[in-house]
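Since the structure comes first, as structure tokens, the remarks are kept for the end.
Computed from a predicted structure; not experimentally measured.
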Amino acid sequence: MSLDSILEALAFVVYTYDGRPITLLQILQVPFYILLAWFIVGHVGKLIKRGLRARNVSADAIHFFSRVYLVLTIAILVVTSMEILNIPLTAFAFVSGAIAIGVGFGAQNIINNFISGWILMWERPIRIGDFLEVGDARGVVESINTRSTLIRRNDGVHMLVPNSQLLENTVTNWTLIDQNARSFVRIGVAYGSDVVLVRELIFQVLNERDDILEKPPAMVFFEDFGDNALIFDAVFWVSAVSETDIRRRRSEIRFRMYELFNENNISIAFPQRDVHLDGNLTITNA
């Protein structure tokens with residue numbers, strides 16, 4: 001098969017739109033250009049993201065850039081493909097209007113979540129790596145997608161939350177401004193204990209730890225005269241990224257308190273009841 005016959009076959013007019021002939025060569029060029037452009041765009045996108053990570057740009061900013069970059073790339077590829085085929089954008093005006101009406105009635109929730117996802121990525125009230133409290137669930141944000149947000153709960157289970165729920169409902173973001181969180185450890189000692197010594201020992205435990213922030217300073221409160229114990233609260237601030245991290249530190253503080261109290265002969269109280277009987281009590285062997 002000669003070159004002239006191949007060129008003649010490629011010049012075959014497949015169809016004509018608005019007086020413009022569309023040849024077989026133009027149709028074959030479209031997938032080739034799309035694959036080539038997609039390869040170049042993907043490679044460039046990886047290089048840019050690598051450069052952003054090297055400059056310590058936050059993960060959510062990189063994620064937002066990737067989404068915008070992908071949408072713009074797809075739009076440019078569609079417009080370029082139509083230019084190659086000599087198809088004007090006005091040809092799809094009626095079709096796009098009909099599609100918009102159909103989508104508006106049949107996919108309101110999808111569109112709502114889609115727009116909410118872009119709002120989350122643009123305004124950044126929730127970022128990748130933030131520790132959230134959504135209803136009864138708590139976890140770390142792993143990704144913000146166009147329809148839903150992926151949250152990894154404390155028990156390791158992944159939870160998909162529709163983006164619209166994160167905007168319309170109350171969400172507690174523990175790490176929106178910083179990673180500082182206040183926590184406390186409550187302990188009860190037996191009546192008759194030296195309360196001044198108890199306070200000094202609790203302060204000693206808190207001052208021994210480097211992970212407790214100096215500002216705001218840690219405090220010890222004589223909280224209450226309980227039914228069975230004198231109640232003390234050790235209040236402190238830590239920098240933590242998850243609830244598990246805070247629970248681990250509270251556990252370590254309790255271990256150290258138990259050790260110090262035993263060394264100083266301070267009894268940790270436990271529930272007990274005094275029973276007073278009126279009259280005579282007779283005990284018989286069965």
Side-chain angles (χ1 to χ4, degrees), residues 41-42 45-74 103-104 106-186 209 211-213 216 235-254:
V41 166
K46 291 179 181 178
L47 292 177
I48 295 177
K49 287 195 291 185
R50 192 179 305 168
L52 293 175
R53 291 192 184 99
R55 297 191 178 194
N56 296 324
V57 179
S58 60
D60 58 303
I62 297 177
H63 183 73
F64 176 72
F65 162 78
S66 301
R67 293 293 177 180
V68 174
Y69 182 73
L70 179 62
V71 172
L72 292 178
T73 301
I74 294 176
V103 168
Q108 297 181 13
N109 291 333
I110 296 177
I111 295 177
N112 187 17
N113 289 322
F114 177 81
I115 297 176
S116 299
W118 283 101
I119 294 175
L120 289 174
M121 288 186 284
W122 179 259
E123 293 186 352
R124 299 174 63 190
I126 296 173
R127 300 159 298 183
I128 296 177
D130 281 354
F131 182 67
L132 301 184
E133 184 175 347
V134 184
D136 296 332
R138 296 178 179 179
V140 178
V141 177
E142 290 196 346
S143 65
I144 302 175
N145 303 312
T146 53
R147 193 192 67 84
S148 61
T149 296
L150 180 64
I151 299 177
R152 187 179 182 89
R153 297 190 323 199
N154 293 329
D155 55 4
V157 176
H158 286 87
M159 181 174 63
L160 290 173
V161 180
N163 292 326
S164 59
Q165 291 189 13
L166 298 178
L167 290 179
E168 297 172 358
N169 300 324
T170 301
V171 177
T172 302
N173 190 339
W174 288 33
T175 55
L176 177 61
I177 306 301
D178 52 38
Q179 295 182 345
N180 297 345
R182 190 189 71 171
S183 185
F184 74 97
V185 172
R186 174 166 293 179
R209 301 188 62 88
D211 53 357
I212 292 181
L213 302 178
V235 182
F236 53 90
W237 287 77
V238 295
S239 178
V241 296
S242 66
E243 185 183 15
T244 302
D245 194 16
I246 297 177
R247 291 179 61 189
R248 175 184 58 81
R249 299 182 190 187
R250 288 201 299 251
S251 175
E252 294 173 353
I253 290 174
R254 291 188 182 101

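- Without hydrogens or angle criteria, D211 side chain to V238 main chain gives no donor-acceptor distance under 3.5 Å.
- The line from CZ of F236 to CD1 of I246 is 8.5 Å long, rounded to the nearest 0.5 Å.
- Note that CG of N163 is 9.5 Å distant from CD1 of I119, once rounded to the nearest 0.5 Å.
- Rounded to the nearest 0.5 angstrom, L167 CG and N169 CG are separated by 9.5 Å.
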Next on the checklist: Before you tell me yes or no, could you show the steps for I212 and I253 under side-chain contact (heavy atoms from CB on, under 4.5 Å), namely the whole-Å CA-CA distance, both residues' side-chain angles and the distance that decides it to 0.1 Å?
Outcome noted: CA-CA 11 Å; I212 292 181; I253 290 174; 4.2 Å; yes
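- Contact detail for S148 and L160: the closest heavy-atom pair is OG-CD2, 3.8 Å.
- The backbone N or O of P125 sits less than 3.5 Å from a side-chain atom of N173, completing a donor-acceptor pair.
- Environment of CZ in R182: sparse, with no more than 12 heavy atoms of neighbouring residues, nucleotides or ligands closer than 6.0 Å.
- At least one side-chain heavy atom of S183 sits under 4.5 Å from a side-chain heavy atom of R250.
- Across every non-hydrogen atom of R249 and S239, the tightest pair is NH2-O, 3.0 Å.
- The shortest non-hydrogen separation linking S116 to S164 is OG-CA, 3.5 Å.
- The OG1 atom of T149 sits 11.5 Å away from atom CD of E142, with the distance rounded to the nearest 0.5 Å.
- Using a 4.5 Å heavy-atom cutoff, the side chains of R248 and D245 are in contact.
- Atoms NE2 and CZ, on H158 and R153 in that order, are 11.0 Å from each other to the nearest 0.5 Å.
- With rounding to the nearest 0.5 angstrom, the CG atom of L132 is 10.0 Å from the CZ atom of R127.
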